[in-house]
Amino acid sequence: MDKGALASALGSPAPFGQSQFAFMRGNAFEARVKADGGTELMRLLHERLGGGGEPPREVRVPDLAAAGPEGRAARTALALREATEAAGWALLDHPMLALEVAGSPAYLEPDAVVVHPDGTWTVVEIKSFPMIDGSADAAKVGAAARQSAVYVLALERVAEVTAGARVGHRVLLVCPKDFSNLPAASVVDVRKQRAVTRRQLTRLTRVEEIAADLPEGATFDPERSPEELESAVESVAAAYAPECLSACELAFHCRARARAEGAVEALGRGVRGELGGLTTIAGVLAAAAGKEGDPADPAVAALRRAAALRAEALEGRAVCH
């Protein structure tokens, strides 16, 4: 489904996304990094991961054009096998990779993949945020590492059927140097992110199972009435958390539902985890006031203790006044 169109049809459009200026700036920087057959990119990669010596002079840049994502993914797999067999340097510009997610294929497009003469495949991620004094914003680097880890997992599927191939767990991150448009690079180890992502993929509910639980006639077609769409969306359980606001188009709709229901999830996963069996804000307030809840429950006991301390603090402030 088109989640952005669905959110708009529900009256809760997602007001986030990359600005046109940032998009153009990112494209211009990527074009500079890959100019002249990727000369600068290969220099940076050889400097960080090449083991010394002169950067490669001959680099194959195979044509990856094909019809549709399936065709491009097949063409990419063929190009990777041919480059590995040739035992030379090869730069794949915007290859297409396939990864099974919850039983359905998802198509991924990394910025670049480099094939080394020894058969190692390295993911290259090009970002437009700056690398100042050799380091970049930790949160943005972490997001890039998680994104690259998904590419590594997808590449491993191809490497399993390619003789002599090995996917590197170190990713080359290329960013603008300081406040200029000159490229700088650093190596990011994504083994931890890869392991976490692989574990999460194995736990995902398959699409077929979700579809089987939907009521008959449920549809997410944005052309349907808001009432039909509301009913269809409510038939799927949502695990809302404030972090969803930066990643999911339906997050604002789910937040409105969580607030209307008084769900503690609206306060964050950390708070939800501390409250145990208390699932609503009304229930939390009642437990803190001693009207509901089992006193032996650690969460209830902590809430009542906090309420007592708050009352003492307010009483003390009133006396001081």
Side-chain angles (χ1 to χ4, degrees), residues 25-26 29-61 76 79-80 83-84 87-95 97 99 108-159 162 164-199:
R25 182 175 182 271
F29 178 68
E30 182 177 336
R32 176 166 187 165
V33 173
K34 295 179 178 178
D36 300 324
T39 301
E40 182 64 13
L41 173 57
M42 295 303 297
R43 184 191 68 79
L44 291 169
L45 183 135
H46 194 266
E47 180 182 288
R48 296 290 182 175
L49 295 169
E54 291 293 323
R57 297 183 180 275
E58 296 185 7
V59 179
R60 295 177 62 242
V61 184
T76 296
L80 285 167
T84 303
W89 289 97
L91 171 63
L92 278 66
D93 186 7
H94 281 289
L97 306 173
L99 181 67
L108 316 168
E109 189 176 357
D111 292 325
V113 172
V114 174
V115 178
H116 300 238
D118 64 356
T120 301
W121 300 350
T122 298
V123 172
V124 178
E125 191 62 24
I126 302 173
K127 296 296 186 183
S128 59
F129 56 81
M131 189 176 295
I132 302 174
D133 292 333
S135 62
D137 181 87
K140 293 180 179 179
V141 172
R146 290 189 293 273
Q147 180 180 349
S148 299
V150 181
Y151 300 148
V152 168
L153 284 174
L155 274 175
E156 287 177 345
R157 305 297 190 273
V158 185
T162 304
R166 181 179 66 87
V167 182
H169 59 258
R170 295 190 296 169
V171 170
L172 187 74
L173 176 63
V174 182
C175 302
K177 182 179 181 181
D178 298 327
F179 300 100
S180 70
N181 202 34
L182 298 174
S186 67
V187 175
V188 181
D189 192 317
V190 298
R191 280 179 292 185
K192 178 180 178 180
Q193 292 82 358
R194 170 185 164 278
V196 170
T197 303
R198 170 172 280 181
R199 185 167 62 251

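Just so it is clear, the model here is predicted, and its values are computed rather than measured.
For Asp189, the side chain to side chain donor-acceptor pair (under 3.5 Å) test picks out Arg191, with sequence neighbours left out. Looking at residues two or more places apart in sequence or on another chain, you find a side-chain contact (heavy atoms from CB on, under 4.5 Å) between Ala149 and Val190, Gln193, Arg194, Thr197. When the side-chain contact (heavy atoms from CB on, under 4.5 Å) test is applied to Val196, the partners found at least two apart in sequence or on another chain are Arg199, Gln200. In this view, Arg198 and Glu156 satisfy the side chain to side chain donor-acceptor pair (under 3.5 Å) rule, not counting sequence neighbours. With sequence neighbours excluded, no residue forms a side chain to side chain donor-acceptor pair (under 3.5 Å) with Asp111. Annotation: side-chain contact (heavy atoms from CB on, under 4.5 Å) contacts of Ser186 (sequence neighbours excluded): Met131, Leu173, Val188. Listed by chain and number, the residues in a ring-ring contact (aromatic ring centres under 6.0 Å, His included) with His169 amount to none (sequence neighbours excluded). Pro95 pairs by the side-chain contact (heavy atoms from CB on, under 4.5 Å) definition with Leu64, Thr76, Leu92, Pro110, Val113, not counting sequence neighbours. Legend: residues meeting side chain to side chain donor-acceptor pair (under 3.5 Å) with Arg166, ordered by chain and number and at least two apart, are Thr120.
Shown here is Asp36, whose CG atom has no more than 12 heavy atoms of other residues, nucleotides or ligands within 6.0 Å.
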Candidate pair His116 and Leu45, rule side-chain contact (heavy atoms from CB on, under 4.5 Å), full reasoning = CA-CA 10 Å; His116 300 238; Leu45 183 135; 3.7 Å; yes

Apply side-chain contact (heavy atoms from CB on, under 4.5 Å) to the pair Leu155 and Leu80, showing each step before the final yes or no.
-> CA-CA 10 Å; Leu155 274 175; Leu80 285 167; 3.8 Å; yes

Side chains of residues 134-142: which donor-acceptor partners sit under 3.5 Å, not counting sequence neighbours?
residue : atom : partner : partner atom : Å
Ser135  : OG   : Ile132  : O            : 3.4
Asp137  : OD2  : Ala139  : N            : 3.1
Asp137  : OD2  : Lys140  : N            : 3.0

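Atoms OG1 and CZ, on Thr39 and Arg43 in that order, are 10.5 Å from each other to the nearest 0.5 Å. Summarising the geometry, atom CG belonging to Asn181 is positioned 5.0 Å from atom CZ belonging to Arg32; distances are rounded to the nearest 0.5 Å. In this structure, CG on Leu49 lies 10.5 Å from CG on Leu44, to the nearest 0.5 angstrom. Taken to the nearest 0.5 Å, the CG atom of Leu41 stands 5.5 Å off from the CD1 atom of Ile126.
Between Ala90 and Ala83, the shortest heavy-atom distance links the atoms CB-CB, 3.6 Å. Residue Leu91 comes nearest to Ala112 through the heavy atom pair CD1-CB, 3.9 Å, listed as atom of the first residue, atom of the second, then distance. Between Leu172 and Thr122, the shortest heavy-atom distance links the atoms N-CG2, 4.3 Å. Summarising the geometry of Val33 relative to Pro183, their closest heavy-atom pair is CG2-CB, 3.8 Å, with the distance given to 0.1 Å. Shortest non-hydrogen contact noted between Cys175 and Pro130 is CB-C, 4.5 Å.
A 4.5 Å side-chain heavy-atom check between His46 and Met42 finds every atom pair outside the cut-off. Counting heavy atoms from C-beta outward, Val158 and Val167 have side chains that stay 4.5 Å or more apart.
Pairs of residues two or more places apart, or lying in two chains, that qualify as side-chain hydrogen bond (donor to acceptor under 3.5 Å, both in side chains) and include a residue from residues 141-150 are Glu125-Gln147, Lys127-Gln147, Gln147-Tyr151. Counting only residues at least two apart or on different chains, no salt bridge (Lys or Arg N to Asp or Glu O under 4.0 Å) pair has a member in residues 167-186.
Remark: the backbone N or O of Gly88 is not paired with any side-chain donor or acceptor of Arg60 at under 3.5 angstrom.
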